[in-house]
Amino acid sequence: MVSLPVISNLPLVAPKNPANPAGWAIRHITSIAQLLRDSLMAVLIFALFVSLSLIHQTGAAFGQSSTFSLDVLPVLSDRCFHCHGPDPENREADLRLDVAESSDGTRGAREVLQPGSPEESELWNRITSHDTDVVMPPPESGRQALTNAEIDTIRNWIEAGAEWGRHWSFEAPRRTQPPLPELHPIDSFIRDRLKRTELVPSPRAQHHTALRRLSLTLTGLSPTPEQLKEFLSDPSGEAWNAHIDRLLNSPQHAERMAVWWLDAARYSDSDGYQADATRQNWPWRDWVIEAFQENMPFDQFTIEQFAGDLLPEATAEQILATCFHRNHMTNGEGGRDPAESRVDYVIDRVNTMGTVWLGLTLGCAQCHSHKFDPISQKDYYALTAFFNSIDEDGRAGMNARPYLNYQSPAVQSQIDELQRFLMQLQEAEKQQRAAAESRFANFLSDLTQSAAAERAATWRIAEASATSSDGTEFNFEEQGILQTSGPTPFQDDYRVTLKPPADLSRVTGWKLEVFPNSNHVDGRYTRDGNGHFTLTNVRLLLQRSGSPTETEIELSSAVADTARGNQRSSNWDTRYAKIGDTLNDDTRNGWTTLGDPAAVTHTAVFTLEQPQQISADDRLVVVLRHRALHGNSCIARFRLSLTDERGETLTRTDGKSPQQELLATRTTPNAEITADLRKRLLDQFLADDLPWQQASARVRRAKAQLNELQNQAKPRSVMVLQQRDQLRDTFVLNRGVWNAHGEKVDSAVPAAILQRPVNNRLELAKWIVDRSNPLTARVIVNHLWQLMFGSGIVRTPDDFGLQGARPTHPQLLDWLAVELMESGWDLRHILKLIATSETFRQSSTATVLQQELDPENRLLSRSPRFRLPAWILRDNSLHVSGLLNPLVGGPPVKPWQPEGVWGEITMGRFRYEPTIGPGQYRRTVYAWWRRSIAPVFLFDSAQRRVCEVQIRRTNTPLQALTLLNSPFTGEAARALADLSVSATDLDTIDRLQQISLRVLSRELTATELPSLQQLLRESLAYYSNHPDKALRFISVGQQPATAKKAAETAAWMTAAMLMLNLDEAISSE
Amino acid sequence: MNDSSRTERAVTVQARRTFLHSAGLSPAAMALASLQQQTSVAAAQGLPDQLARAKRVIFLTQSGGPSQLELYDHKPALKALAGTELPDSVRQGQRLTGMTAGKKQLVLPAVTQFRQHGDSGATVSEWLPHTAAVADELCFVKSMVTDQINHAPAMTKFLTGHQLPGRPSFGCWATWGLGSLNRNLPEYMVLLSRMKRGSDQPLYDRYWGSGFLPSRLQGVKLRSAAEPVLYLQDPAGMPRKLRRQMLNGLKDLNQQHLEQTLDPEIETRISQYEMAFRMQTSIPELADLSDEPESTFRLYGADSRRPGSYAANCILARRMAERGVRFIQLFHPDWDHHSRLRSWCVARCVDTDQASAALIKDLKQRGLLDDTLVIWGGEFGRSPAGQGDWRSAEAGRDHHPRCFTVWMAGGGVRPGMTWGATDDFSYNSVVDPVHVRDLHATALHLLGINHEQFTYRHQGLDFRLTGVEKANVVHGVLS
């Protein structure tokens, strides 16, 4: 059992992780033993062994030399090159095995090989030795010994003459005749490969599945019920082709392609690093969408992004394109040397070029010559020379020149859209205002009719007790005054616990009064120091009755009766001045009255962000921190009081309020309510009127966002490339350290890839898309294959080097690469070619045999089935529910994110305010991307800090929570529920089918309906009994809710949520 | 699938296997089986591969670079040298940040007083009285070294082993290697102190990111907001009962689809939705401190009553340790004291001192300290030269990578000792220097993992937390 080929041959990939020597393989053997017990499976065992060993033998496809390239070289690379490879620094025994003959005075592989005779070859003797001092790789290297199969490969190769070749991806792609000429070329290669296994191609997917797959793949959106109906009525080949053309020509396709490119380009709306300042590069994102919309040939697409500025008579758009190479992070940290940052940016460009176009891990050669691929450290720095003379100086923020001053035409439609929305909001505000004024009239009449004595004072003194952290003691005197005594520490924090008056049901603000006292220093405020106090920070906490914890209550503002300027009679830091500075956690600023001539009572009033409901058993805790640098300035005599009034009361420190003035008019005979008092009372009333506050807050937000949009319509500073007049010298950087200059180098391209004289960025771009460049076309068609099938033909799209995965279909990859170039680098042509193949149209339903023989679906005997990227899940939820806003281009928008997500990471430096109005429902490609915290509703997405092209696909509970509970799901479910509720002519089953057609692109089966019907019944029962809950549930996002039909809507929402969360709904299948 | 995700493949192979053998089992049994495979990743790795002293880590990350000179590294001789220029023989051309480059480097002696504490006689500053009281439980490493001088690269190095973003964090490496100890909570959880001032150093989510490791390993941040984990709460107006009924329906339909497609991912999906449902209960239960007795709050200090404070997070860390969370990481920001040490640095000490010490005491009294490795420290230290006028109270200190202090406790670390030493200026680590990578090697060693063997294949290379340069386990600090 143990020597079964299946064990070592299963993966078609580079070798094992030494940390896991055969861990999973052992597991697999156990499983096979289990399999044997399973009578159903036993019949498959033979086929399994045969087929899997066949799956492994890809090398044969290339003929003799490719056996070396695909089978031998990877083994040498993985086990030998670390010490006997291209990197001279690490080379042992002057032997390199990456070349047959060496030109650098060291020994090449030929010297340890005797073609035809393994036993006379030192290499063979070393890898098969049982002597731990002799065997290679050495046991202490941590590298795994060669497996029996690998040893056999080497033996066969030596016996056959040890013919040398190059790594496959460094040879130019050659088109071979498709092996089954009667078929579509793609099917021809795929089916030919399958012929060598027990697997057969799957039948076509059902029509609805095929169209849904096509539509999601090409646009990120599923077909509408109408498109579906049309296709089902005519599923002919011409109709299929017509749908492909329709989708490829749509702006939604361009947006879908743009996400691919933006991830690779590490595009972001902020700099990253510490300051993470906002940048204005979004017009470049629109350039990318436009390029895909026009199906710009990929060679031109490349040239403009690399060197649009160097093209003769470059247009603004061609210069705009070069923003690609400015999308790296920029570091504006205080102590950062810009010269060092500039070197980082140059390096980032080379690494990104390596990953995106060449599929090479060039970055490895930054510190030392590449250990596996033929890229020396000198080659690497010769590449940096192309990017080293950009007219930049390494700065960040809005000092990251060179810039293109660019005015985008895409903003106006957004302005128009928001203006229309604003008018609706203003209309709603007007109505709310009228309603609020009528509520005010009632309030006023209640207030004037009640007896003045019944109205408590505006400021209520609370019973207080206090403790301190550093030793100060407190005496509670009459009138709520606290007088300190005992020790006088250098600094101290007071914790004052307040018992609220029994009839105070809420708190809107609190007041601190600081009293002078004759026994204080100089008759002022403290018991030591110079008599003046400094309060550095305050906090307000709520301890609910029976709970040991204290929740912090946010304070929004503070006012005081005095604010000191910079004049000082002492050496105290002038940052101690204003009351507002007590609201942070910073001890370097705060409030002092130092410099006030008279020793009078001083007052500060603090406003709560939201009124806080309290009961008599709750406790409020006020923390007063005295952590001033100068010390000895702790307040010695003070009082705290509370209020439940809002508005004016909280903006004045004299304790007066309009309501108290009104009451005074009641106790004064014949006193009138003046117009001025009435207005102040109305203002105070409105400050507390929630519906009006909400309506006017929406107007304010919309106006602010409109203002921002109008700014964005002005010329923007887009970071672009521009060459310096005076070129900079370029050096090898020893160990990659930015200022450790080694040998001076001229710009040049790595000869191992394609030798050409290349002198500047423009020529570099042309070299990349040169017909003879062996890498670019392969790498790009592999990206397209990954877009269409979820994984590439090379499953490491970022690494076509010796340590990368080997192609599952090498000839097909080459055929497509040549096709791409010969089509004039027409990406859409390749996508269409793939979409028209039978391989693409197969069913994704796996048979047991397929699951067993090819669990990762490398051979594509079925269509892949995989969870869609998170951005598509958001977009498609909005799309299927009819909410999606199809506007293309323009400044970024802010989709819903939970409160505080930016603030937590940046300690409050950035605040995220979601976009109001139709902009909320735009596609994720337009979502504001902050590098320090990417949109939190995305998962498995590229992080856009450095270039990433590998797709991640995990399956976690946090993703489940996001899909269950995010407002996208809620809003989409609500919109779908509205559809159901309004479809009064349909019965329940028809309405469920209506949602299903949108979400799953198919009708539910008889076995699927009962679960949904049951959920509908249960939720309708619940919400009918809990109308308040129903109203709360359906009030999601921006969608207005009314009590009418709330229970029914809520019930349908639960069913829609379920469907939106189905594995089928979130998968491409 | 990435060629590197070997363990993931182990899970896939196993999940597929389970599928074939569990056909006919109840959905619940299948979900459970699948979950057990999730936790068997560690077994597939064959880890721990040596004797493990610690089962879990609590990493008390002090972001910004706490001053070793004010807190732990007592250099009384500097008093006599106040205001003199740092000798070139000490500086040895060390680079400075843009803030002090080109300025004279004049000695600023510590602005605090030190005393020796406990049987071990550890020197601890007057600003940390509670830490001083547990000094006999701690192992001070005074000879820490890093090679980065700015915050983001240094913190990235401190937490991921490399200065450039994109590598997995220490917590992800540990949980990738060792797997989960519980079935209701994530393996790696992160707690940020809630601060009101705009700290200059953002705590990027990449500090607990999974880099190229599977993204399910990334740290889950527990927020101090009403919703402790993003999207944890059911939408307002949806009762738990309906959520359960909805998940029952979802499970039924997914199950039907699984039977048609034979895609084992659906089986995993079902179990992840069930795990999500359990987390909706287990996380609020974890985050709610109201079942803690008064004695807890007295131990951790008054600020521990305030959810979101460092002190409350220390209580949460202990609760996570009790519930089997593998890697617990706290972040307290704002240790970047370029000025005004007497007010600014003091305030951060007040925030953290009592609670850090209380956590050690609490873990010990509950018998958890033995197998919990606690690490306290920031990304670098601070320079003995004053920033600003050294004579002024407003003086502070610039960043300094060549020496800083961290302390460790529990989990196989020798208590009551000091390892390594700096020169008379607290400028260079001169006795037994410990590089950041050595700290990582040592921590992994305590978790039973050989850092040299513990690699992950990515882009054709075998990456490890400790990087390409030689890293050493500091055997001298092991008990």
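Residue numbers start from 1 in every chain, and the chains themselves are labelled A, B, ... in the order their sequence lines are given, proteins ahead of strands. The basis for the numbers below is simple: all heavy atoms, side chains too, and nothing from hydrogens, waters or symmetry mates.
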Any sub-3.5 Å donor-acceptor pair from [X]'s side-chain atoms to [Y]'s backbone N or O?
| X | Y | value |
| --- | --- | --- |
| A:Tyr273 | B:Ala152 | no |
| A:Tyr1022 | B:Pro239 | no |
| A:Gln491 | B:Arg342 | yes |
| A:Asn965 | B:Gln233 | yes |
| B:Gln272 | A:Asn955 | yes |
| B:Arg305 | A:Pro548 | yes |
| A:Thr587 | B:Ser343 | yes |

Using non-hydrogen atoms only, which part of [X] is less than 4.5 Å away from chain A: side chain, backbone, both, or neither?
| X | value |
| --- | --- |
| B:Tyr273 | both |
| B:Ala302 | both |
| B:Leu192 | side chain |
| B:Gln218 | neither |
| B:Glu452 | neither |
| B:Met238 | both |
| B:Val229 | side chain |
| B:Pro186 | neither |
| B:His257 | side chain |
| B:Gln256 | side chain |

* Decide side-chain contact (heavy atoms from CB on, under 4.5 Å) for A:Arg865 and B:Ile266; before the verdict, give the C-alpha distance in whole Å, the side-chain angles of both, and the deciding distance to 0.1 Å. => CA-CA 10 Å; A:Arg865 187 179 185 286; B:Ile266 301 182; 3.6 Å; yes
* Asked: Are A:Asp586 and B:Lys196 close enough for a salt bridge, meaning some N to O gap below 4.0 Å?
  -> no
* **Short N-O contact, B:Lys221 and A:Glu904, less than 4.0 angstrom** => yes
Report the option among [options] that has the most heavy-atom pairs separated by less than 4.5 Å from atoms of chain B.
| options | answer |
| --- | --- |
| A:Thr956, A:Asp276, A:Thr467 | A:Thr956 |
| A:Ser77, A:Pro898, A:Gly631 | A:Pro898 |
| A:Thr536, A:Leu964, A:Asn537, A:Val623 | A:Leu964 |
| A:Met1057, A:Met1059, A:Gln543 | A:Met1057 |
| A:Glu1069, A:Gln1014, A:Arg544 | A:Glu1069 |
| A:Asp940, A:Thr1007, A:Leu541 | A:Thr1007 |

Any [X] side-chain heavy atom under 4.5 Å of [Y] side chain:
| X | Y | value |
| --- | --- | --- |
| B:Gln354 | A:Ser469 | no |
| B:Arg206 | A:Gln943 | no |
| B:Leu253 | A:Leu1012 | yes |

Can you say whether [X] sits under 4.5 Å from chain B via the side chain, the backbone, both, or neither, judging by heavy atoms?
| X | value |
| --- | --- |
| A:Val1036 | neither |
| A:Leu583 | backbone |
| A:Asp493 | side chain |
| A:Ala846 | both |
| A:Glu333 | side chain |
| A:Thr847 | backbone |

Roughly how far, to the nearest 0.5 Å, is [atom2] of [Y] from [atom1] of [X]?
| X | Y | atom1 | atom2 | result |
| --- | --- | --- | --- | --- |
| A:Leu961 | B:Met275 | CG | CE | 9.5 Å |
| A:His1026 | B:Leu242 | NE2 | CG | 10.0 Å |
| A:Leu1058 | B:Asn254 | CG | CG | 8.0 Å |
| B:His338 | A:Arg588 | NE2 | CZ | 9.5 Å |
| A:Ser1011 | B:Leu250 | OG | CG | 9.5 Å |
| A:Ser1019 | B:Arg243 | OG | CZ | 12.0 Å |

* **Shortest non-hydrogen contact from B:Pro307 toward A:Glu550** => CD-O, 3.1 Å
Selection from [options] maximising heavy-atom pairs under 4.5 Å formed with chain A:
| options | result |
| --- | --- |
| B:Glu394, B:His399, B:Met279 | B:Glu394 |
| B:Leu232, B:Asn150, B:Leu203 | B:Asn150 |
| B:Gln245, B:Arg340, B:Lys241, B:Gln260 | B:Arg340 |
| B:Gly249, B:Ala236, B:Ser193 | B:Ala236 |

* **Derivation and outcome, salt bridge (Lys or Arg N to Asp or Glu O under 4.0 Å), residues A:Glu554 and B:Arg194** => CA-CA 12 Å; A:Glu554 294 296 333; B:Arg194 186 172 176 198; 2.5 Å; yes
* Just do the side-chain contact (heavy atoms from CB on, under 4.5 Å) check on A:Leu958 and B:Tyr231 with the steps written out, would you? => CA-CA 8 Å; A:Leu958 295 179; B:Tyr231 304 111; over 6 Å; no
* Residue pair B:Leu230, A:Phe937: steps toward the side-chain contact (heavy atoms from CB on, under 4.5 Å) verdict -> CA-CA 9 Å; B:Leu230 290 170; A:Phe937 50 84; over 6 Å; no
* Structure fact -> A:Glu899 meets the side-chain hydrogen bond (donor to acceptor under 3.5 Å, both in side chains) criterion, sequence neighbours left out, with none
* **salt bridge (Lys or Arg N to Asp or Glu O under 4.0 Å) partners for A:Arg539, two or more places apart** => A:Glu552, A:Asp585
* Take A:Arg627 and B:Val350 through the side-chain contact (heavy atoms from CB on, under 4.5 Å) test and state the conclusion after the steps. => CA-CA 10 Å; A:Arg627 293 281 162 194; B:Val350 172; 3.8 Å; yes
